[in-house]
Amino acid sequence: LWGGSWSNSCCSHPRIGEETDVAAQRRVAEELGLETDLSFLFKFEYCARFAELGTEHELCSVYAGHVDREPAVNTTEIQAWEWITPAELNRRIKRMPNNFTPWLQLEWARLNAEFSEDLLRGFRQKL
């Protein structure tokens, strides 16, 4: 429903019977062409309506990892990407919130509240 909106790096979309941790690793490789160790951070639930087209109601698991190379993005999954600092993402969300998916805004607010120091370090020492 939110095609063309900026969002998180990737979504796990577990297969039937697949553990979320395994799905997250798989999707990072499928969507971003990256291999990295991921650490589970938290879960949250959201419900958001997209105009008259529909509503999403999902339980999201948030993971973090560290990479030191650019992704090889799967263009059937990702329209655009860029590296930006946490401060820049904060500025953009504040300035143009409708350019971002509702779940990104929710998870980013919690990441800032609970993991701000880790964001600045790139989660290197936490993982």
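By convention here, the first residue in the shown sequence is residue 1.
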Item to check | Separation of N99 CG from L104 CG (nearest 0.5 Å) | outcome: 11.5 Å
Next on the checklist: To the closest 0.5 Å, what do you measure between CZ (R27) and CG (L34)?
Outcome noted: 13.0 Å
Item to check | Pairwise side-chain contact, T20 with Y63, heavy-atom cut-off 4.5 Å (strictly under) | outcome: yes
Next on the checklist: Under 4.5 Å between side-chain heavy atoms, counting indirect links through other Ile/Leu/Val/Met/Phe/Trp/Tyr residues: same cluster for W108 and L59 or not?
Outcome noted: no
Next on the checklist: Between L89 and F100, is the side-chain contact (heavy atoms from CB on, under 4.5 Å) condition met? List the steps.
Outcome noted: CA-CA 10 Å; L89 182 55; F100 299 88; 3.7 Å; yes
Checklist entry - Atom CH2 in W103, atom CD in E45: separation rounded to 0.5 Å? => result 15.0 Å
Item to check | In one Ile/Leu/Val/Met/Phe/Trp/Tyr side-chain cluster, 4.5 Å: V22, V28 | outcome: no
Next on the checklist: With heavy-atom distances below 4.5 Å as the criterion, would you say the side chains of R91 and K94 are in contact?
Outcome noted: no
Checklist entry - Considering all heavy atoms of both residues, which atom of R26 and which atom of P14 are nearest to each other, and what is their separation? => result NH2-CA, 4.2 Å
Checklist entry - What distance separates E35 CD from R69 CZ, expressed to the nearest 0.5 Å? => result 8.5 Å
Checklist entry - About how many Å separate CZ of F40 and CG of D21, when rounded to the nearest 0.5 Å? => result 8.0 Å
Checklist entry - Under 4.5 Å between side-chain heavy atoms, hopping through other hydrophobics if needed: is there a path connecting I84 to M96? => result no
Item to check | Shared hydrophobic cluster, I93 / F50 (ILVMFWY, side-chain heavy atoms < 4.5 Å) | outcome: yes
Item to check | Minimum-distance pair of heavy atoms, taken over all atoms of T101 and S7 | outcome: OG1-OG, 2.8 Å
Checklist entry - Counting only N and O atoms by type, is there a donor-acceptor contact under 3.5 Å from the side chain of E31 to the main-chain atoms of E77? => result no
Next on the checklist: Given the ring of F42, does R110 sit roughly above its face, with NZ or CZ under 6.0 Å from the centre of the six-membered ring and within 45° of the axis?
Outcome noted: yes
Next on the checklist: Would you say that I78 contacts L32 through its side chain, given a criterion of any heavy-atom pair below 4.5 Å between the two side chains?
Outcome noted: yes
Item to check | Name of the residue among Q105, E107, E56, H57 meeting side-chain hydrogen bond (donor to acceptor under 3.5 Å, both in side chains) with Y46 | outcome: E56
Checklist entry - For the atom pair NE2 (H13) and CD (E30), what is the distance rounded to the nearest 0.5 Å? => result 10.5 Å
Next on the checklist: Checking the side chain of T36 only, and the main-chain atoms of H66 only, is there a donor and an acceptor separated by less than 3.5 Å?
Outcome noted: yes
